[in-house]
K.L.:
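After the structure tokens below, expect a handful of questions from me.
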Protein chains: 2
Amino acid sequence: MEDRGTFDNLPHKTIARLSQYRRALLLCLSRGKSHIFSHEIASIQHITPVQVRRDLMLIGYSGTLRKGYNIKELINLIGNIIDSEEGIKVAIVGMGNLGRALINYFSGKRHKLSIIAGFDTNPDKIGNTMNGVPCYSATRMREIIEKEGIQIAIITVPAENASQTANELVAAGIKGLLNYTPKPIDVPEYVYLEEYDMITTLEKVAFYVKMKTLEEEDITTI
Amino acid sequence: MEDRGTFDNLPHKTIARLSQYRRALLLCLSRGKSHIFSHEIASIQHITPVQVRRDLMLIGYSGTLRKGYNIKELINLIGNIIDSEEGIKVAIVGMGNLGRALINYFSGKRHKLSIIAGFDTNPDKIGNTMNGVPCYSATRMREIIEKEGIQIAIITVPAENASQTANELVAAGIKGLLNYTPKPIDVPEYVYLEEYDMITTLEKVAFYVKMKTLEEEDITTI
DNA sequence: AAATAATTGTTAATAAAATAACATTGTTAT
DNA sequence: ATAACAATGTTATTTTATTAACAATTATTT
């Protein structure tokens, strides 16, 4: 019996934080640090040291007392947990501003996770390469996804095309979808779906700014 | 005693969902619907009807039995809660692909929340207008923010400039920050900060795709 | 007119996440 | 050598968020 199933009940939030810890660790490593304390990681991520230690406990990693955690070891362990051994291929569907932003942002950052194809319907874009990522015609989506074994797609098409695009991707055998359009999409339960809406995020910021402003007014008018 | 303080202890998740409910409601309204059931909202957002009803209970809104919720009323109520009466002005700092994507994405969507300025250091961009949003030199950030009363900034600069940009924005009197760079930033407690990292999100999707794949293997090898 | 079904609103229960508490253990200082 | 300190690792507690349960009510069907 292998040990790989050990991590299948990690809290969702822990998964997200592990990714962030790794990013912080890679940065520290590149600056020549070899060890790091929980409170250092915590302060980078604006969380508490206890949270960090608890997460590391959950993945079974132990540091050294008064010396902290070995950065290289921890990076490797996090990689074993969240990365896929063979690597996962990703496609961007919709090579507009957001699609291109994601490619630039991502290129070469994670070798186990690489964007290898972009799709668009605009003939001016098809055939070009952006940051090493070729742009194909959206009509060839299924073909390329199957041929290349692409497992994840990021949807950055105009909102009105979101659900049709999603359907095509599911039909092409995609395993995970990340939807950046403001239009919620439906997928079968065997496809992992994550949706992110920038308007909601901005409205949330606006709400808390409003609340802070109201609080201040209350204080000054007492 | 006014009633506006009533909503200052709504759960964070409820705030985010209210924004999403409103979006769904606006869509339904534009299609000529006048009322909607909790399960309809729920299915658009991939959540449960109970969750919807509970959120609406928290904001004190009542529907009609067997008829559902009045869409217009609910849109107005959500607006009263999350929007700021006078409106809030937003700036985009960094007019690269992501900055431009946000502007296109957002333009004219919410009249109480509008992006009215962009900043960049690239002379080719300064002086241009994108989707009605003028791009100013980053050196004028403080001046414009103060003059226009901009309260929220979205940071879409290259990661290496993130923290300096944040410091300048805080010094300029910004109240809320939305950081889209992969570099966590520090702000004083009186500034509301929200950070979003696309790599983390994608890695999370990759993790769950990996888990699903492993599960399937387990099943087929029993 | 009675029974059934559909829906809301609310309380109660459960689950998930975060935080606190604290025992343990090396390290440094006295 | 001892005391004080600074860190980890883990259990317990609290808080936050979600889900379940169900009473109440109205519309629809028989």
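These figures come from a predicted structure and were not determined experimentally. Residue numbers start from 1 in every chain, and the chains themselves are labelled A, B, ... in the order their sequence lines are given, proteins ahead of strands. The figures that follow rest on heavy atoms only: side chains count, while hydrogens, waters and symmetry mates do not.
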K.L.:
Show which side-chain atoms of residues 67-74 of chain B pair as donor or acceptor with protein atoms under 3.5 Å away, not counting sequence neighbours.
P.N.:
residue, atom, partner, partner atom, Å
B:Asn70, OD1, B:Lys72, N, 3.0
B:Asn70, OD1, B:Glu73, N, 3.0
B:Glu73, OE1, B:Tyr61, OH, 2.7

K.L.:
Would you list the pairs meeting salt bridge (Lys or Arg N to Asp or Glu O under 4.0 Å) in which at least one residue belongs to residues 91-104 of chain B, sequence neighbours left out?
P.N.:
none
K.L.:
At a heavy-atom distance below 4.0 Å, which nucleotide of DNA chain C is the first touched by chain A, and which is the last?
P.N.:
C:dA17 to C:dT27
K.L.:
Under 3.5 Å, which donor-acceptor pairs do the side chains of residues 181-188 of chain B form with other protein atoms, sequence neighbours left out?
P.N.:
residue, atom, partner, partner atom, Å
B:Thr181, OG1, B:Asn179, OD1, 2.9
B:Thr181, OG1, B:Lys183, N, 3.2
B:Thr181, OG1, B:Lys183, O, 3.3
B:Asp186, OD1, A:His46, NE2, 3.0

K.L.:
Search all heavy atoms of B:Ala16 against all heavy atoms of A:Thr200 and return the closest pair with its distance.
P.N.:
O-CG2, 3.6 Å
K.L.:
Applying ring-ring contact (aromatic ring centres under 6.0 Å, His included), name anything that partners A:Phe207, two or more places apart in sequence or on another chain.
P.N.:
none
K.L.:
Treat primed atoms plus P, OP1 and OP2 as sugar-phosphate and everything else as base, then score nucleotides 17-30 of chain D 5' to 3': B for base contact with protein heavy atoms under 4.0 Å, S for sugar-phosphate contact only, - for none.
P.N.:
SSBB----BBB---
K.L.:
What are the residues of residues 202-210 of chain B, sorted by number, that bring a heavy atom to within less than 4.0 Å of DNA chain C?
P.N.:
none
K.L.:
Listing request: all salt bridge (Lys or Arg N to Asp or Glu O under 4.0 Å) pairs with a residue in residues 48-65 of chain B, at least two apart in sequence or in separate chains.
P.N.:
B:Arg17-B:Asp55
K.L.:
Atom CE of A:Met57 to atom C1' of D:dT8: distance rounded to whole Å?
P.N.:
12 Å
K.L.:
So which pairs with a foot in residues 79-89 of chain A pass salt bridge (Lys or Arg N to Asp or Glu O under 4.0 Å), sequence neighbours left out?
P.N.:
A:Arg22-A:Asp83, A:Lys89-A:Glu148
K.L.:
Enumerate the salt bridge (Lys or Arg N to Asp or Glu O under 4.0 Å) contacts for residues 106-119 of chain A, please, sequence neighbours excluded, ordered by first and then second residue.
P.N.:
A:Arg110-B:Glu203
K.L.:
Between atom CG in A:Leu58 and atom C1' in D:dT8, what is the gap in whole Å?
P.N.:
15 Å
K.L.:
Please name all residues satisfying ring-ring contact (aromatic ring centres under 6.0 Å, His included) with B:His35, sequence neighbours left out, ordered by chain then number.
P.N.:
none
K.L.:
B:Tyr192: what forms a ring-ring contact (aromatic ring centres under 6.0 Å, His included) with it, not counting sequence neighbours?
P.N.:
A:Tyr208
